[in-house]
Each structure stands twice: as structure tokens, then as C-alpha cells.
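It should be emphasised that the depicted structure is a prediction, and the values quoted were computed from it without experimental measurement.
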Amino acid sequence: MSRNASQQKNRPNSANPPVAVIGQGVIGLTSAVRLLQTGCQVVIYSQDEFSATTSMSAGAYWWPHQLYPEDRVRKWAADSLWEYRRLANIEGSGVHFELHRRYCVDPDECTYARDLLDSWTPIDGKALGLNCTDAYEVTLPVIDVPTFMPFLRNQIIQLGGEFRIQRLTTLEELFDTFSLIVNCSGIGARDLAADSTVFPIRGQVVRMTSSKLNHTSIRIYRNGPQFTLILPRTNDVVLGGTSQRDNWDTQPSDEETRQIILSCTEVAPDLSNAQFLDSHVGLRPGRSEVRLDAEYPTAGRTVIHNYGHGGGGFTVAWGCADEVCSLTSRQKEK
């Protein structure tokens, strides 16, 4: 569906009942874009301002991480990859392709992702003094979040979507107005959908000024609460990071900032010439499996859930948005 939907520029059809999308992170915004492109009227609800979403603090590139189940993730990731290829040709989208070197000190359960790309090449981890179980380089999409997220938001506005800042405590609050709700509330689904299986994966990243680094991203993968990420972007460099399950602390840690800069500078000494900008923390929505399904809580009301994407929301967002539209179409046919 992504290849067809991405070409459509339909205005909302007043004959269609309005749809509420909850959440304006990347999962909510891509779902809203796709729904608008199929002619739905869409209102996006969020309790946070746009700049405060977890997606806005992400160092985003295409690669599954803490994202399940594999069979569905493969499909969503492949569909999203196709869309990022299209977006990379649009000026101002914030999407570009660049070389990515991945050093797996521990086995990466998502290594299957390289087979979805055009090619990959083995490399030697000893160049960085690492004893790796696997190491390779690939060319993949990098999403410059400060450009990409406003790009999506502007698309929604141009297509006739509406944004509302409102704190919701239950989905039922919207039942009087909307017969169809798309729940993309991320970590908020723990309360909003009464889903106790959702848990936070705390991620802290650091932003530095652009240095003499070439545009090659590096990830040193370890099974644990810390990893090393160097992600050059247009106007800064994102360094990572942490992956701390069940940690709800949203305040950056000065000690973690120091450790992140130290570990990344050991890999890329040119970073010693860069200046510190700031640190950000986001709570990734962890779950044993992404929840993407339809629920019928009461007569005439449908909730499509789309949450639990762990550390891979940008990787599968478009594929999941296409499936949201497929589920929506089935509701219309009933």
C-alpha cells in the first residue's frame, strides 16, 4: 500500500467519519499522513507539545532494535525502507542514505535487517581494537529528526489534519466524537490502554557540534544498558547512548553524558574538537511484541492500537502506518 498511498494527495472527504490519532511521535504522524492520503478526516491528540515527544530526541536511522515479532517487523521495515528511498529524493525531507559501520561485540538479534538492504560488506572490528562476533558496513537511511518531524507535521497540515494538545486519561473520552481511534500513544499506552506489558526503555543521547567527521555512522552493539553510537547529521552529531529497561527517569545524567562522550571520542578522536550542545532523554515504548490490531470496546466504536515499537519506531513507522490504513479500510467495509 505504501507505494500507492505515497503518491496520493487527497483532501479529507467530509463523507468519511473523523478519525482521532493519539500521539504525535513518528508512529502517530506517519499514521496520520497515510490516513489523510486515503481521504480520512484526522485530528491528532497529544498531551505533550511537539518538541517534547520522544521521537524528537531520537538519533534516528533505519535498523530494528528491541522490536518484535521478527516476521511482522521484516515486512514493516521493508515497506518503510521503500518509503525512505522515495523521501530521500525530496528536498527538505530530512532523509538521506549514508554508510553505516556496525560492530557487534555481542550477537545482534536484528542482523537479519542487512538482508533487506541492497548489499552489505564484512569489515574487521580489530581496526577499533574490538573483538567482534560480527562486523559489517551497509548503506541505510538516516533520518535527520529536526528536519524530518516538522516535514511530517507540515504534510499533515497541508493535507487538512488538525492538532490538539489535550491530556486524555481514557480512550472512552473520545467515543462521543469519534467512531474510530488510532492509538499511537507509545509509553502512554501503559495507562491509556491499561496495558501493563508496556515498559520504558530509557535512552539518553548527547548532541555535539558538527566536527570533521565524514558522514559515516558507527554503532558498537553490546547486549546491555550502554552502547556506542556516532550519528552525524546536517547540523550536529548525535552520540549514544543508553538502553535502560524499566527506568522512568527523564532527566539527563551528567555522568552518563560524560561516559557517552568518552566512549565515542575513543572511537572517533576528531570529536574532541566538537563542542557539547545538550543531552536528551526519551522513554522508548518497550513491549514483547508491537501491538498493531483492532479492538471493539463498544458497539460502533473501533480502536486500532499501534504501539510498543521499542527502539525501532522510525524503522517500521511507514509499514505500520500502511497496516493501520488496511485495518481502517476493513472497518469501512463492515
Side-chain angles (χ1 to χ4, degrees), residues 26 58-67 73-74 76-89 93-130 132-148 203 205-208 210-223 226-241 243 260 263-271 274 284 310-319:
V26 68
Y61 62 100
W62 182 96
W63 195 270
H65 179 61
Q66 296 175 317
L67 187 59
V73 170
R74 279 178 178 266
W76 296 329
D79 289 345
S80 298
L81 179 62
W82 187 94
E83 180 66 3
Y84 286 130
R85 287 194 176 108
R86 188 188 74 84
L87 289 169
N89 293 313
S93 71
V95 178
H96 65 279
F97 280 68
E98 69 181 35
L99 196 65
H100 174 76
R101 293 194 176 104
R102 197 166 188 88
Y103 300 89
C104 301
V105 175
D106 298 317
D108 181 1
E109 63 183 3
C110 295
T111 295
Y112 65 82
R114 66 189 182 188
D115 297 324
L116 301 177
L117 297 162
D118 293 334
S119 63
W120 59 275
T121 304
I123 57 177
D124 190 354
K126 292 180 181 177
L128 295 181
L130 300 172
C132 297
T133 62
D134 201 2
Y136 45 91
E137 64 181 25
V138 295
T139 299
L140 47 66
V142 171
I143 298 95
D144 199 333
V145 168
T147 301
F148 177 72
V205 297
V206 174
R207 287 195 317 120
M208 306 284 283
S210 298
S211 66
K212 296 179 180 179
L213 293 173
N214 59 26
H215 272 258
T216 298
S217 59
I218 295 172
R219 172 72 179 252
I220 300 176
Y221 179 82
R222 296 181 176 88
N223 290 328
Q226 279 82 35
F227 59 87
T228 301
L229 172 67
I230 303 170
L231 188 70
R233 302 193 302 194
T234 303
N235 298 312
D236 58 15
V237 180
V238 174
L239 309 180
S243 182
I260 290 169
S263 66
C264 290
T265 303
E266 289 175 351
V267 175
D270 283 345
L271 282 170
R284 309 178 187 100
F314 283 88
T315 302
V316 297
W318 292 106

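Residues passing the ring-ring contact (aromatic ring centres under 6.0 Å, His included) test with F314, sequence neighbours excluded: none. Contacts of D106 classified as salt bridge (charged side-chain N to carboxylate O under 4.0 Å, His left out), with partners at least two apart in sequence or in another chain: none. Legend: residues meeting side-chain hydrogen bond (donor to acceptor under 3.5 Å, both in side chains) with T234, ordered by chain and number and at least two apart, are D144. Remark: R284 engages no residue in a salt bridge (charged side-chain N to carboxylate O under 4.0 Å, His left out) (not counting sequence neighbours). A search for side-chain contact (heavy atoms from CB on, under 4.5 Å) contacts involving T265 returns I261, L271, S272, not counting sequence neighbours. D236 meets the salt bridge (charged side-chain N to carboxylate O under 4.0 Å, His left out) test with R207, R233; sequence neighbours excluded. For E266, there are no side-chain hydrogen bond (donor to acceptor under 3.5 Å, both in side chains) partners two or more places apart in sequence or in a different chain. Residues satisfying the side-chain contact (heavy atoms from CB on, under 4.5 Å) criterion with C132, sequence neighbours excluded, are Y103, L130, A135. Judged as a side-chain hydrogen bond (donor to acceptor under 3.5 Å, both in side chains), and not counting sequence neighbours, the contacts of S243 are Q66. With sequence neighbours left out, the side-chain contact (heavy atoms from CB on, under 4.5 Å) criterion links A78 to no other residue. A search for side-chain contact (heavy atoms from CB on, under 4.5 Å) contacts involving E137 returns L99, R101, T121, I123, not counting sequence neighbours. Checked against salt bridge (charged side-chain N to carboxylate O under 4.0 Å, His left out), R222 has no partners two or more places apart in sequence or in another chain.
F97 CZ to D118 CG: the interatomic distance, rounded to the nearest 0.5 Å, is 8.0 Å. Here the CZ-CG distance, from R74 to L67, works out to 12.5 Å after rounding to the nearest 0.5 Å. Taking NE2 from H100 and CH2 from W120, the interatomic distance works out to 13.5 Å, rounded to the nearest 0.5 Å. Remark: I220 CD1 to I230 CD1 distance equals 7.0 Å, nearest 0.5 Å. With values rounded to the nearest 0.5 angstrom, I218 atom CD1 is found 9.5 Å from L229 atom CG. For the atom pair CZ of R102 and OH of Y221, the computed distance is 8.0 Å after rounding to the nearest 0.5 Å.
Annotation for C264 and L239: closest pair SG-CB, 3.8 Å, computed over non-hydrogen atoms. S217 approaches L231 most closely through the heavy-atom pair CB-CD1, 3.6 Å. Summarising the geometry of S80 relative to G319, their closest heavy-atom pair is OG-N, 2.9 Å, with the distance given to 0.1 Å.
Looking at heavy atoms from C-beta onward, L81 lies in side-chain contact with P141 at the 4.5 angstrom threshold. Counting heavy atoms from C-beta on, the side chains of T139 and L117 never come closer than 4.5 Å. Side-chain contact between D108 and W63 is present, with heavy atoms from C-beta onward closer than 4.5 Å. Using a 4.5 Å heavy-atom threshold, the side chains of Q226 and S263 count as separate.
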Open item on the list: Let's go through Y61 and V238 carefully: what are the C-alpha distance in whole Å and the side-chain angles of both, what is the deciding distance for side-chain contact (heavy atoms from CB on, under 4.5 Å) to 0.1 Å, and is it a yes or a no?
Closed with: CA-CA 11 Å; Y61 62 100; V238 174; over 6 Å; no
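Ring geometry, Y84 versus W318: the interplanar angle exceeds 60°, so the pair is classed perpendicular (tilted spans 30 to 60°).
Looking only at distances, no side-chain donor or acceptor of T315 sits under 3.5 Å from a matching main-chain atom of A77.
Within 6.0 Å of the CG atom in N235, the count of heavy atoms belonging to other residues, nucleotides or ligands does not exceed 12.
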